[in-house]
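Remember, it's 1-based here, ligands and their atoms both numbered in the order they're listed.
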Amino acid sequence: MTWQSPIAPGVSWYQDSLDARREYAAMDGSRTVDVAIIGGGFTGLQAAFNLAKAGVSVVLIEGYRFGDGASGRNGGQFGTGQRAWPDDLEKEVGFERSKALFDIAEHAKHYVLDFAREHAIDMDFLPGQLNVLHKASYEKDYRKSVEAMSSRYGYNQVSFMEKAETAERLGSSHYHFGVRDTGTGHIHPLKLVIGLAKAAQAAGAQIFEMTPAKSITQTGGKTLIETSSGTITANRVLIATNAHIGNLEQVTAAHVMPIRSFIGATVPLDAFPTIIPGKEAVADSRFVVRYFRKTPDNRLLFGGREAYTADSPRDISKHIRKQIAEIYPALQNIEMTHAWGGSVGITLTRQPFVREVMPGVMSIGGYSGHGVMLANYCGKLYADMIISKDKALEQFAALDVPSFPGGTRLRAPLLFLALSWYALRDRF
Ligand SMILES: Cc1cc2nc3c(=O)[nH]c(=O)nc-3n(C[C@H](O)[C@H](O)[C@H](O)COP(=O)(O)OP(=O)(O)OC[C@H]3O[C@@H](n4cnc5c(N)ncnc54)[C@H](O)[C@@H]3O)c2cc1C
């Protein structure tokens, strides 16, 4: 039977495009380990893999199935750098730190590609990304960012696209200009999750599905994680629950909030060869980003998030098809085969949240829609920090990510209001 994640609506095309997915057992009794990890997405699984490979005893528990959070259901786009353009980030943290963060993201990109190659994970990588401008007034800023990336950040794979080139590469004249990035690409994220879980277990990590953590407490220098099938006693803990922290740990919950994002998949578009003929990933300049790409079998995967709450795949399809038709009017009646949603973990500054929240307990998440490569790499950097006292993760920990205002009860409504306002602003 097709698995339906209890924490997100709809069955993804990713899941349906695969043969039966291997299941992992739930934890069966208490354990004592060096490192315990809560959350089986990219962050947690990469940390488990790298720690186990270095001989550290590690147990990872996932509340449902690996990839059920954002990692197995996302848009699959790598991007380049951090979520903000490097010259914008520079205004906040200065050139040196912005450059260091840019370089880390480049390492992240190469790390994920090398990891997949080494472990023979065929994750359907397709090269290229187009960042397209929905407002002509953004032209000057984007030109400046492209120039800064090549002249000051040493990244020469980006070029500014005039209106004609943008229209040709998209197969639509909906956008004004664009930026073409040939140094990045997009993947089938669930294939990466599955390969990663297999690699982590083969390296010696004890990894369990269907084992939610119920509480985290500390006593005698140890951290105890209570689950329904036993207690994990650990010297160190990684909280890698991202948007799904709930009430498990309050500091993370105050800094990482869930917002919904929805994706729809069309039937294969063989009859529409002019739509993204180069098969690059596309992301637009709206605050409520629209992101889309073609799969190897020519479907359009189209994602957008809105202030609406749609829970049934039929409602999601309706909204997504409307957005598709604004860009590709010829697809206004296109059949949607899949529609699903997920929770993106965001922070107030849209920078990752990396913090020691209790002695020996690190929380990592909140990549704000930019975690396909960064979550994988942050998981690895967490392991490096433990294995060899590597300091790269400190670049993220040093970022000033404040908590969301409003306290436990007001945070979600305030965020909803803010997002609604930005969604409205995108339209004018
Ligand atoms: C629809 C959508 C589209 C996106 N598109 C892109 C994109 O194109 N490019 C990009 O870079 N990023 C994108 N993202 C973001 C990206 O997917 C995430 O940043 C990344 O996957 C985060 O990985 P993670 O391991 O930190 O968290 P997750 O993958 O969310 O994993 C957290 C896990 O923790 C588990 N968990 C939670 N609480 C408990 C508990 N108490 N006990 C045990 N387990 C628990 C959850 O079940 C979940 O599996 C998108 C996200 C979504 C939802």
Rounded to the nearest 0.5 angstrom, the CG-OG1 distance for L224 and T217 is 4.5 Å

Output yes when a side-chain donor or acceptor of S172 lies under 3.5 Å from a complementary backbone atom of L170, and no otherwise. no

Please list the nearest protein heavy atom to atom 13 (C) of ligand 1 with its residue and the distance rounded to 0.1 Å. G369 O, 3.6 Å

Does the side chain of Q46 come under 3.5 Å of the side chain of Y111 through a donor N or O and an acceptor N or O? yes

Check whether any heavy atom of G365 sits under 4.0 Å from an atom of ligand 1. no

Just heavy atoms, cut-off under 4.0 Å: does F262 contact ligand 1 by side chain, backbone, both, or neither? neither

Should you measure from each heavy atom of G69, which atoms of ligand 1 turn up under 4.0 Å away? 29 (O), 30 (O), 48 (C), 49 (O)

Pick one of side chain, backbone, both or neither for how S368 approaches ligand 1, counting any non-hydrogen atom pair under 4.0 Å. neither

I want to know if ligand 1 touches G342 in the polar sense, i.e. an N/O pair below 3.5 angstrom. no

Test N235 against every option in D34, T32, T223 by the side chain to side chain donor-acceptor pair (under 3.5 Å) rule and name the one that passes. D34

Does any N/O atom on G63 come nearer than 3.5 Å to any N/O atom on ligand 1? yes

State whether a side-chain donor-acceptor pair under 3.5 Å links Y291 with S261. yes

Quick one: do E326 and K322 make a salt bridge, cutoff under 4.0 Å? no

Anything under 30° is parallel, anything over 60° is perpendicular, the rest tilted; go ahead and classify W85 against Y142. perpendicular

To the nearest 0.5 Å, what is the distance between NE2 (H174) and CD1 (I327)? 5.0 Å

Identity and separation of the nearest protein heavy atom to atom 41 (N) of ligand 1: A213 O, 3.1 Å

Taking distance alone, with N or O pairs closer than 3.5 Å, would you say Y291 contacts ligand 1? no

Got an N/O contact under 3.5 Å between R73 and ligand 1? no

Do the charged groups of K294 and E280 touch, with an N to O distance under 4.0 Å? no

Is it the side chain, the backbone, both or neither of L374 that has a heavy atom closer than 4.0 Å to ligand 1? neither

Under 4.0 Å from ligand 1, counting heavy atoms only, is it the side chain of T43, its backbone, both or neither? both

Could you tell me whether D28 and R31 make a salt bridge, using a distance below 4.0 angstrom between a side-chain N and a carboxylate O? yes

Atom 5 (N) of ligand 1 sits nearest the protein heavy atom G75 N, 2.9 Å

Does ligand 1 have any atom that is closer than 4.0 Å to a heavy atom of G79? no

Measure from NZ or CZ of R117 to the centre of the six-membered ring of F115 and say whether it is under 6.0 Å with the direction within 45° of the ring axis. no

Taking only heavy atoms of I7 into account, list the atoms of ligand 1 that are under 4.0 Å away from them. 47 (O)

So which bit of S343 gets within less than 4.0 Å of ligand 1, heavy atoms only: side chain, backbone, both or neither? backbone

Between H186 and F292, is the gap from one ring center to the other below 6.0 Å? no

Going by the order shown, which atoms of ligand 1 are within less than 4.0 Å of some heavy atom of L248? 41 (N)

Mark up the atoms of ligand 1 that fall under 4.0 Å of a heavy atom belonging to Q77, in ascending order. 7 (C), 8 (O), 9 (N), 10 (C), 11 (O)

Are a donor atom and an acceptor atom from the side chains of Q395 and R97 found within less than 3.5 Å of each other? no

Closest protein heavy atom (residue, atom, distance) for atom 22 (C) of ligand 1: N242 ND2, 3.6 Å

Look at atom NZ of K198 and say whether more than 12 heavy atoms of other residues, nucleotides or ligands are closer to it than 6.0 Å. no

Atom 34 (O) of ligand 1 - nearest protein heavy atom and its distance: G39 CA, 3.2 Å

If we only consider heavy atoms of A243, is any one of them less than 4.0 Å away from an atom in ligand 1? no

Protein contact of atom 32 (C) of ligand 1 - nearest heavy atom, named by residue and atom, plus distance: A240 O, 3.3 Å

Tell me, please: is P212 in heavy-atom contact with ligand 1, that is, under 4.0 Å? yes

Applying a heavy-atom cut-off of 4.0 Å, say which part of A375 lies close to ligand 1: side chain, backbone, both or neither. side chain

Check whether the side chains of Q77 and Q129 place a donor and an acceptor atom closer than 3.5 Å, and report yes or no. yes

Before signing off on this row, confirm whether G371 and ligand 1 have an N or O atom pair separated by under 3.5 Å. yes

What protein heavy atom sits nearest atom 39 (C) of ligand 1, and how far off is it? T241 CG2, 3.6 Å

Taking distance alone, with no angle check, do S261 and ligand 1 share an N/O pair under 3.5 Å? no

If you measure from each non-hydrogen atom of F42 to ligand 1, which part falls under 4.0 Å: side chain, backbone, both or neither? both

